[in-house]
Colleague: 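Pasting a structure here, questions to come.
In listed order, ligands and their atoms are each counted from 1. Bear in mind the structure is a predicted one, so any value in this text is a computation, not a measurement.
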Amino acid sequence: MARIVQKYGGTSVADVERIRSIAARIKKSYDEKNDVVVVVSARSGVTNELIGKARFLNPSPNDREMDMLLAVGEQETIALTAMALHALGAPAVSRTGGQAGILTDPAHTRARIVSINAENIEAALKDRNIVIVAGFQGVNAEGQITTLGRGGSDLSAIAVASAVKADLCQIFTDVEGVYTADPRIVPDARKLVEISYDEMLELASMGSKVMQARAVEFAKKYRVVFEVRSSFNENPGTIVKEEVVSMEDVVVRGVAVDKSQVKVTVNNISDRPGTAARVFHTLADAEVVVDMIVQNVGRGGRANLTFTVPRDDADRAKKAVEVVLGEIGGGTVAVTNEVAKLSVVGVGMRTHSGVASTLFTALSENNVNIQLISTSEIKISVVIDLARADEAARAVHEAFGLAKEA
Ligand code: ADP
Ligand code: ASP
Ligand code: MG
């Protein structure tokens, strides 16, 4: 007998047929005498649809009301999943995030989990119930409903697995595991048997939405080993765990593409101390998270400063910089929407050289221009033209020999 947490994402609960099918899978695990806690997402498309309705009525909806709205998606699924299990003769109880004891900070729409009081889940398990928890949501200290950021059901699952000390945490999704690249972009991407937390975290942060980055961060911190696998078949997935020495033999583990950022260029500003500080100060005040940054070598006392920000924050970033233009020597602010960030990730980069040269050669042979570059110990990212991004990902994947063996 083991204690198992299973998370089912949006496509795995997309309609009543899919819910019936996962209910059978859940019941099978329960019948094998396991304690089973299930975390579910909203049906695929529901969260986007709710956001669309909110924005239709109000371009900048109130964050508390937004959470009140978005939590509805997951609540539909917990109830339907419990009903499907009842129909199969299995005892199941649904719990909202708050009822499951998930306490968060007050930051509506991007709340962090502060603690989980698992008493309620434990009591239900003790009575041999299957517990169905709504992903993506919790409550703050005032009892207000909060949500955990897009893709946040992954975080709910990892945090619940940690709180109930699960023996196994399975993330069921619509692909068979973590691949060397998004299989929808790179058809010959290969499923990985295992991957380290750090690599998974970089891939997730760099745009691979197979796992939410914050969920991976949490798993690393609390050492929750988890498996990403398909809810559509029985094949084994990818184990995400602590790094082991042999992982360094592989230089590049995977390629990620992020199409969610835009490039902002502040042109023709004074090339003197304090200018960059002023720009990034005003952006921080506007709560814009800046990612890649490049300042060109100044000429004639003038310089250009370029950085990337989330697409949704582009207007806010532009306005914030325009306010301080006078103080930094005039100039203009331009936003380029048509960009993508391509990254290669691998812990082996710490001990191997030549990664940058292979990456840049692959891009140049395909005539893809590099606009910005940034590196970390286990990652190199470049900003390129959005229209060439998928093609570039395929070329880079090939150049690093990541494709399936024929
Ligand atoms: P869920 O609804 O189950 O949470 P998501 O749509 O959030 O599923 O994430 C799964 C998707 O992630 C896949 O359909 C795939 O297109 C995408 N993806 C991006 N990068 C990768 C990768 N490296 N490996 C596997 N899937 C990836
Ligand atoms: N339903 C939420 C979203 O679409 C959370 C999740 O699916 O993980 O972002
Ligand atoms: Mg997801």
Colleague: Can Val383 and Ile370 be said to form a side-chain contact (heavy atoms from CB on, under 4.5 Å), step by step?
Modeller: CA-CA 6 Å; Val383 169; Ile370 300 171; over 6 Å; no
Colleague: I need the atoms of ligand 1 closer than 4.0 Å to a non-hydrogen atom of Val178, numbered in the order shown.
Modeller: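 Under 4.0 Å from Val178, ligand 1 has these atoms: 24 (N).
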Colleague: Just need the protein heavy atom nearest to atom 7 (O) of ligand 1, so name the residue and atom and give the distance.
Modeller: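 Heavy-atom neighbour on the protein nearest atom 7 (O) of ligand 1: Lys209 O, 3.4 Å.
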Colleague: Can you list the atoms of ligand 2 that are under 4.0 Å from a heavy atom of Glu74?
Modeller: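 The list of qualifying atoms is 1 (N), 2 (C), 5 (C).
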Colleague: Closest heavy-atom contact between Ala314 and Val309?
Modeller: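 It is CA-CG2, 4.1 Å.
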Colleague: For the residue pair Tyr8 and Phe172, does the interplanar ring angle fall in the parallel (under 30°), tilted (30 to 60°) or perpendicular (over 60°) class?
Modeller: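 Parallel: the ring planes of Tyr8 and Phe172 meet at under 30°.
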Colleague: Below 4.0 Å from any atom of ligand 2, is there a heavy atom belonging to Gly135?
Modeller: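 Contact absent.
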Colleague: Give a yes/no on ligand 2: does Gly73 have at least one heavy atom closer than 4.0 angstrom to it?
Modeller: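 Judged by the 4.0 Å heavy-atom criterion, Gly73 does not count as contacting ligand 2.
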Colleague: State the atoms of ligand 2, each with its element, that fall below the 4.0 Å cut-off from a heavy-atom position in Ser41.
Modeller: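 Selected atoms, number and element: 6 (C), 7 (O), 8 (O).
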Colleague: Taking 4.0 angstrom as the limit and counting only heavy atoms of Arg150, give me the atoms of ligand 2 inside it, by number and element.
Modeller: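 The atoms of ligand 2 under 4.0 Å from a heavy atom of Arg150 are 3 (C), 4 (O), 9 (O).
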Colleague: Would Ser41 count as a contact of ligand 1 if the rule is a heavy atom under 4.0 Å away?
Modeller: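 No; Ser41 lies far enough from ligand 1 that no heavy-atom distance drops under 4.0 Å.
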Colleague: Closer than 4.0 angstrom, basic N to acidic O: yes or no for Lys259 and Asp390?
Modeller: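 So Lys259 pairs with Asp390 through a salt bridge.
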Colleague: Provide, to 0.1 Å, the distance between atom 23 (N) of ligand 1 and the closest protein heavy atom, together with that atom's residue and name.
Modeller: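 Protein heavy atom at minimum distance: Tyr179 O, 3.0 Å.
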Colleague: Does Asp174 come within less than 4.0 Å of ligand 1, judged by its heavy atoms?
Modeller: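 Per 4.0 Å heavy-atom rule, Asp174 contacts ligand 1.
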Colleague: Only heavy atoms of Thr173, strictly under 4.0 Å: list the atoms of ligand 1 that pass.
Modeller: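 Matching atoms, with element in brackets: 1 (P), 3 (O), 8 (O), 10 (C).
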Colleague: When you compare ligand 2 with Gly149, is there at least one nitrogen or oxygen pair between them that comes in under 3.5 angstrom?
Modeller: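 In this structure, Gly149 places no N or O atom under 3.5 Å from an N or O of ligand 2.
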Colleague: Check ligand 1 against Gly177 and write out every atom of the ligand that is under 4.0 Å from a heavy-atom position of the residue.
Modeller: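 Selected atoms, number and element: 24 (N), 25 (C).
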Colleague: Going by heavy atoms, is Ser231 under 4.0 Å from ligand 1?
Modeller: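 Checking ligand 1 against Ser231, which is what was asked, there is no heavy-atom contact under 4.0 Å.
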Colleague: Heavy-atom distances under 4.0 Å decide this one: backbone, side chain, both or neither, for Arg184 against ligand 1?
Modeller: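 It is the side chain that gets close, since no backbone atom is under 4.0 Å.
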Colleague: Name the closest protein heavy atom to atom 27 (C) of ligand 1, giving the residue it belongs to and the distance to 0.1 Å.
Modeller: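 Result for atom 27 (C) of ligand 1: Val210 CB, 3.6 Å.
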Colleague: Please report the shortest heavy-atom distance between Phe226 and Met211, naming the atom on each side.
Modeller: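 Smallest heavy-atom distance, with atoms named: CE1-CE, 3.5 Å.
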Colleague: List the closest protein heavy-atom neighbour of atom 15 (C) of ligand 1: residue, atom name, distance to the nearest 0.1 Å.
Modeller: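 Residue, atom and distance for the closest contact: Asp182 OD1, 3.3 Å.
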Colleague: Looking at Glu32 and Lys28, is any side-chain nitrogen of the basic one under 4.0 Å from a carboxylate oxygen of the acidic one?
Modeller: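 So Lys28 pairs with Glu32 through a salt bridge.
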Colleague: Which residue owns the protein heavy atom closest to atom 2 (O) of ligand 1, what's the atom, and how far is it?
Modeller: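 Atom 2 (O) of ligand 1 sits closest to the protein heavy atom Gly10 N, 3.0 Å.
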Colleague: Within 45 degrees of the axis of the six-membered ring of Phe400 and under 6.0 Å from its centre: does Arg253 put its NZ or CZ there?
Modeller: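 Not satisfied by the 6.0 Å and 45° rule.
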Colleague: Any atoms of ligand 1 less than 4.0 Å from a non-hydrogen atom of Lys7? List them with their elements.
Modeller: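 Atoms satisfying the 4.0 Å criterion: 4 (O).
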Colleague: Could you tell me if any non-hydrogen atom of Pro183 lies under 4.0 Å from any atom of ligand 1?
Modeller: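 Yes, that is the case, since the closest heavy atom of the residue is under 4.0 Å from the ligand.
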Colleague: Got a salt bridge between Arg184 and Asp174, using NZ or NE/NH1/NH2 to carboxylate O under 4.0 Å?
Modeller: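 Looking at Arg184 and Asp174, the cut-off is met.
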Colleague: Between Arg316 and Asp313 (salt bridge meaning N to carboxylate O under 4.0 Å), is one present in this structure?
Modeller: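 Here Arg316 pairs with Asp313 in a salt bridge, since their nearest N and O are under 4.0 Å apart.
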Colleague: Would the number of heavy atoms belonging to other residues, nucleotides or ligands and lying under 6.0 Å from NZ of Lys220 be above 12?
Modeller: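 Not buried by this count: 12 neighbours or fewer within 6.0 Å.
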Colleague: Between the side chains of Arg43 and Glu49, is the shortest nitrogen-to-carboxylate-oxygen separation below 4.0 Å, so that they form an ion pair?
Modeller: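 Answer for the salt bridge query: no.
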Colleague: Taking Glu74 for its side chain and Ser41 for its backbone only, find out whether a donor-acceptor pair lies under 3.5 Å.
Modeller: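 Side chain of Glu74 to backbone of Ser41: no pair is present.
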